[in-house]
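One structure below.
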Amino acid sequence: MIDVPISALEVAVVESGTRGVETLRDTATFARRLELLGYHRLWYAEHHHSPAIGAFPPVVLIAHAAASTSAIRLGSGGVLAPNHAPLTLAEQFGTLAALHPDRIDLGIGRGPGTFDEATARELRRGAGPATDAQYHDDVAAILSFLVDEVALGPLPEPWLLCSSTAGAALAARLGLPIAVAHHIRPDNTFAVLECYRAAFVPSRWCERPRVVVCVEAICAETEEEAAWRAGPMDVVKAGLLKGLSEIPFPTPADAATHPFTAEERQALAGFRAQQACGTPEAVVRRLAQLAAETGADELMLTTPVYDLDARVRSYELIKKHCEATQAP
């Protein structure tokens, strides 16, 4: 049984054979359907220069989804601090929070949002990667500007995205809740949580350690269909293992004929074992296990599958099975 809220992370997949504008058209529909299913939050990730994932600014997607929904919390998972001026982020999310009180989250991350070094430099006007000190200063400045400069009324809820103990230590020192990127670096999850909880200092933002664990979850009526739905993202991951970032997001049929090497299959199987893929019973059982092992206050599911209806169906199957197992 899962007794914590369940949320969603959307990475705005641009499916092979479609255009980015079609992905954008789906965003409001997706948000409305998740709201009807009873999901707690929907966050949008920042990505750049990828044929598989749209370069859609989270702040724009949040505004678009907020205008089409009424209850689900919406936020960034995350905006990447090195790519933006702190005051700009504070103004954008302060405005969203004023327009949609008690519904906006500001999830902040560090990565460039791209595997292409030239694109990363363009985003930073030619500068190299942010140092630890620069990133710490940026996060602190965003929080300060929200309170002291923007001050439009209701504030967005700030979160720090973490996949390493360095990020966990910063979140603990600032007293911020964290979203742990188990879907990216699952081997780091427990070290991140231990570091965060041990060093946490209460703040105006958070009185106690507060944790969202983000996990890749792909659900279908059968194990075979779930594996088939997971195929396109497996192709993208295999490309990343080779250092290739220009991999389109293929159809499940095309992914089924992809020539994975033995090493790739082993790596993908190891990764999938730490996520949640399969039937509703198997996925919810794995999610309940992960929630218990991590002590998560909330689970956030990311479901990178081809086709909007299939993606929503995965979320629907998980939510309905969760509710069924909670029934007296």
Determine whether [X] and [Y] make a side-chain contact, defined as any pair of heavy atoms from C-beta on separated by less than 4.5 Å.
X: Leu143; Y: Pro158; answer: yes
X: Trp205; Y: Val147; answer: yes
X: Ile6; Y: Arg41; answer: no
X: Ser76; Y: Glu46; answer: no
X: Val139; Y: Tyr135; answer: yes
X: Val14; Y: Ile53; answer: no
X: Gln274; Y: Val215; answer: no
X: Phe93; Y: Leu96; answer: yes

Salt bridge between [X] and [Y], side-chain N to carboxylate O under 4.0 Å?
X: Glu316; Y: Arg313; result: yes
X: Arg33; Y: Asp26; result: no
X: Glu157; Y: Arg103; result: no
X: Glu216; Y: Lys237; result: yes
X: Arg73; Y: Asp105; result: yes
X: Asp138; Y: Arg110; result: no

Pairwise distance [atom1]([X]) to [atom2]([Y]) - rounded to 0.5 angstrom:
X: Gln266; Y: Thr261; atom1: CD; atom2: OG1; answer: 9.5 Å
X: Ile178; Y: Cys206; atom1: CD1; atom2: SG; answer: 10.0 Å
X: Thr69; Y: Glu35; atom1: OG1; atom2: CD; answer: 5.0 Å
X: Leu80; Y: Ile108; atom1: CG; atom2: CD1; answer: 10.5 Å
X: Leu176; Y: Ser203; atom1: CG; atom2: OG; answer: 6.0 Å
X: Leu89; Y: Gln92; atom1: CG; atom2: CD; answer: 5.5 Å

Would you say [X]'s side chain and [Y]'s backbone share a donor-acceptor pair under 3.5 angstrom?
X: Arg286; Y: Gln275; answer: yes
X: Asp297; Y: Val212; answer: no
X: Glu15; Y: Asp307; answer: yes
X: Gln134; Y: Thr131; answer: yes
X: Ser314; Y: Cys219; answer: yes

When the aromatic ring centroids of Phe56 and Tyr44 are compared, is their separation below 6.0 Å? no
Under the criterion side-chain hydrogen bond (donor to acceptor under 3.5 Å, both in side chains), which of Thr189, Thr302, Asp187, Asn188 is the partner of His182? Thr189
Verify same cluster id: Leu106, Leu99 (apolar side-chain graph, 4.5 Å): no
Is Phe271 reachable from Val11 through a run of hydrophobic residues whose side-chain heavy atoms are each under 4.5 Å from the next? no
side-chain contact (heavy atoms from CB on, under 4.5 Å), that's the test. Do Thr279 and Glu221 meet it? Break it down for me. CA-CA 5 Å; Thr279 63; Glu221 279 82 357; over 6 Å; no
Would you say the side chains of Ser7 and Glu298 form a donor-acceptor pair under 3.5 Å? yes
Side chains of His321 and Glu323: is there a donor and an acceptor less than 3.5 Å apart? no
Kindly check if the number of other-residue, nucleotide or ligand heavy atoms within 6.0 Å of CD (Gln289) is above 12? yes
Just wondering, more than 12 heavy atoms not from Glu281 lying within 6.0 Å of its CD? yes
Residue pair Val192 / Ser163: nearest heavy atoms and the distance that separates them: CG2-C, 3.9 Å
So, for Arg210 and Tyr196, which heavy atoms are closest and what is the spacing to 0.1 Å? N-OH, 3.1 Å
Are Asp234 and Arg272 close enough, and set up right, to give a salt bridge (Lys or Arg N to Asp or Glu O under 4.0 Å), and what steps lead you there? CA-CA 9 Å; Asp234 282 347; Arg272 189 177 297 176; 2.3 Å; yes
Parallel, tilted or perpendicular, judged at 30° and 60°: which one describes the rings of Tyr39 and Tyr315? perpendicular
Establish, yes or no, whether the cationic atom of Arg311 lies under 6.0 Å from the six-membered ring centre of Phe30 and within 45° of the ring axis. yes
